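All ligand and atom numbering here is 1-based and tracks the order in the structure. The structure presented is a predicted model; accordingly, all values stated were derived computationally and were not measured.
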Amino acid sequence: MNKVTHKPKGQHFLLSSKAKTLSIVKVSNMTEQEVFSLFCQLRWGSETDVTCPECHCQHNAYFISTRKQWRCKHCKHTFSVTSGTIFAKHKLPLKTYLFAVAIFVNAVKGISSLQLSRDLGVHYQTAYVLANKLRKALLEHRDTSPLSGIVDMDGTYVHPAPRKENKKSDRLDYRLKENQNPDKRCIVVAREHYTEQEKLADKRFQGAKRSCVFVTYSETQSVVKKIADSIVTRGSKINTDESNAYDVLIPHYDLRTVNHNLEYRSDSGITNNQAESYFSRFKRMYYGQNHKMGNTYLLNYANEAAYREDNRRKSNGWQFNDVLEKCLETSNQNNEWVGYWQGKRRHQEVLIQ
Ligand SMILES: [Zn+2]
């Protein structure tokens, strides 16, 4: 009888201990002082040399230990570790924010506000605003430097058609322009590949390295050109599907197409699978977790999926610190999430047209 031999396989990153450097239990075991120190470290890199949010002077401010606040020696302004940040005037204990960030980063396909409200024991409205503050911080701190090398580009439609009528005779033909859902939007993604050298240097570096997302009405030539001009270095290789909207890129880019009606991978090895894999995660997040995404904040959700996809091979402890740091670097000025449920909300969408 032939002996069956199994080739030793490398352990998947997500199964390794390197991927799991944070847990809810760890957060739960943190003392109040440890929580406070973490906020100070991530915001200022120090507990003593703090920066006054009013006059922006970094110094050893007078610490009022009973209130866990500082008084600026220059402008006499009194401030806390969250003053001026997206968590300013927080009503929940600091630790609850750590729980929220930990639950958020561990939910690799996104999390609904209802689930977050159950996990944190807070009202739905509180959880909704909190999750959206994290999304705002991620969006404001996204890397918008140009992509280069090999870039996959593609678009997918959300809210394409309203629910179908019961009777077939009552159903409209949604392919016709006049019957289209006015809420229909297109998410366009551009994803830069890891270079061959990067892949050789670290086996975690596979597939796409960085993604940029945009929301638009439709994947037209003018929109595609605007997006490529804003984010992709000229001369880069762009992989797309057969949509003729991308033909407009031919003069300035090395455009390579794969015809999905015939194949997913051309004979010369061209795919736009990195764009497809982003859409796959985004749609699982949409249908499986969030269920509803308003168009006003569609870009925030799309960017959340891009962040999760780009950092899929980084430990959850790294992601936890990164998200928290971004929140503490996000200013409370023009914060649309203050007074959201009191009606102070933004109605304009962020669209490329
Ligand atoms: Zn000051």
Side-chain angles (χ1 to χ4, degrees), residues 22 27 30-105 120 122-123 125-145 297 299-300 303-304 307 317-346 348 350:
L22 169 91
V27 174
M30 284 173 83
T31 63
E32 214 175 290
Q33 183 54 41
E34 284 170 340
V35 171
F36 183 71
S37 298
L38 179 65
F39 269 81
C40 293
Q41 285 296 339
L42 289 177
R43 183 164 186 198
W44 298 305
S46 163
E47 261 176 81
T48 47
D49 255 4
V50 299
T51 304
C52 166
E54 195 67 24
C55 69
H56 308 288
C57 180
Q58 184 162 18
H59 65 302
N60 189 359
Y62 175 65
F63 185 56
I64 313 160
S65 57
T66 47
R67 285 157 59 184
K68 288 244 186 302
Q69 286 181 335
W70 291 267
R71 183 155 301 136
C72 177
K73 286 177 184 169
H74 303 278
C75 72
K76 308 288 178 237
H77 180 67
T78 307
F79 58 94
S80 76
V81 71
T82 58
S83 292
T85 75
I86 203 160
F87 294 146
K89 300 189 178 76
H90 61 94
K91 297 188 183 76
L92 301 168
L94 283 184
K95 205 173 182 175
T96 306
Y97 294 91
L98 293 193
F99 277 123
V101 175
I103 293 166
F104 183 84
V105 300
L120 298 177
V122 299
H123 283 296
Q125 284 91 338
T126 309
Y128 178 80
V129 165
L130 182 44
N132 275 299
K133 282 181 176 176
L134 305 187
R135 289 184 193 110
K136 177 184 164 73
L138 291 183
L139 186 69
E140 281 192 11
H141 290 90
R142 69 194 188 283
D143 186 353
T144 52
S145 57
Y297 298 105
L299 181 64
N300 301 43
N303 181 66
E304 176 195 342
Y307 177 86
W318 182 93
Q319 293 181 38
F320 172 81
N321 281 350
D322 187 56
V323 172
L324 193 58
E325 204 175 336
K326 286 180 163 72
C327 289
L328 294 173
E329 281 170 6
T330 302
S331 162
N332 198 37
Q333 274 182 349
N334 307 321
N335 184 0
E336 62 220 295
W337 297 103
V338 174
Y340 178 84
W341 293 106
Q342 284 74 42
K344 289 184 210 155
R345 55 184 78 171
R346 170 162 68 86
Q348 271 169 323
V350 183

Mind telling me whether [Y] and [X] have parallel, tilted or perpendicular rings, with 30° and 60° as the class edges?
| X | Y | answer |
| --- | --- | --- |
| Trp70 | Phe79 | parallel |
| Tyr340 | Tyr128 | tilted |
| Tyr97 | His90 | perpendicular |

Give me the protein N, O or S atoms that fall under 2.8 Å of the Zn ion (ligand 1), sorted by chain and residue number.
Cys52 SG, Cys55 SG, Cys72 SG, Cys75 SG
Tell me, which pairs form a salt bridge (charged side-chain N to carboxylate O under 4.0 Å, His left out) where one or both residues lie in residues 35-56, sequence neighbours left out?
none
Counting only N and O atoms by type, is there a donor-acceptor contact under 3.5 Å from the side chain of Arg71 to the main-chain atoms of Thr78?
no
State whether the side chain of Lys95 and the backbone N or O of Met30 hold a donor-acceptor pair below 3.5 Å, judged by distance alone.
yes
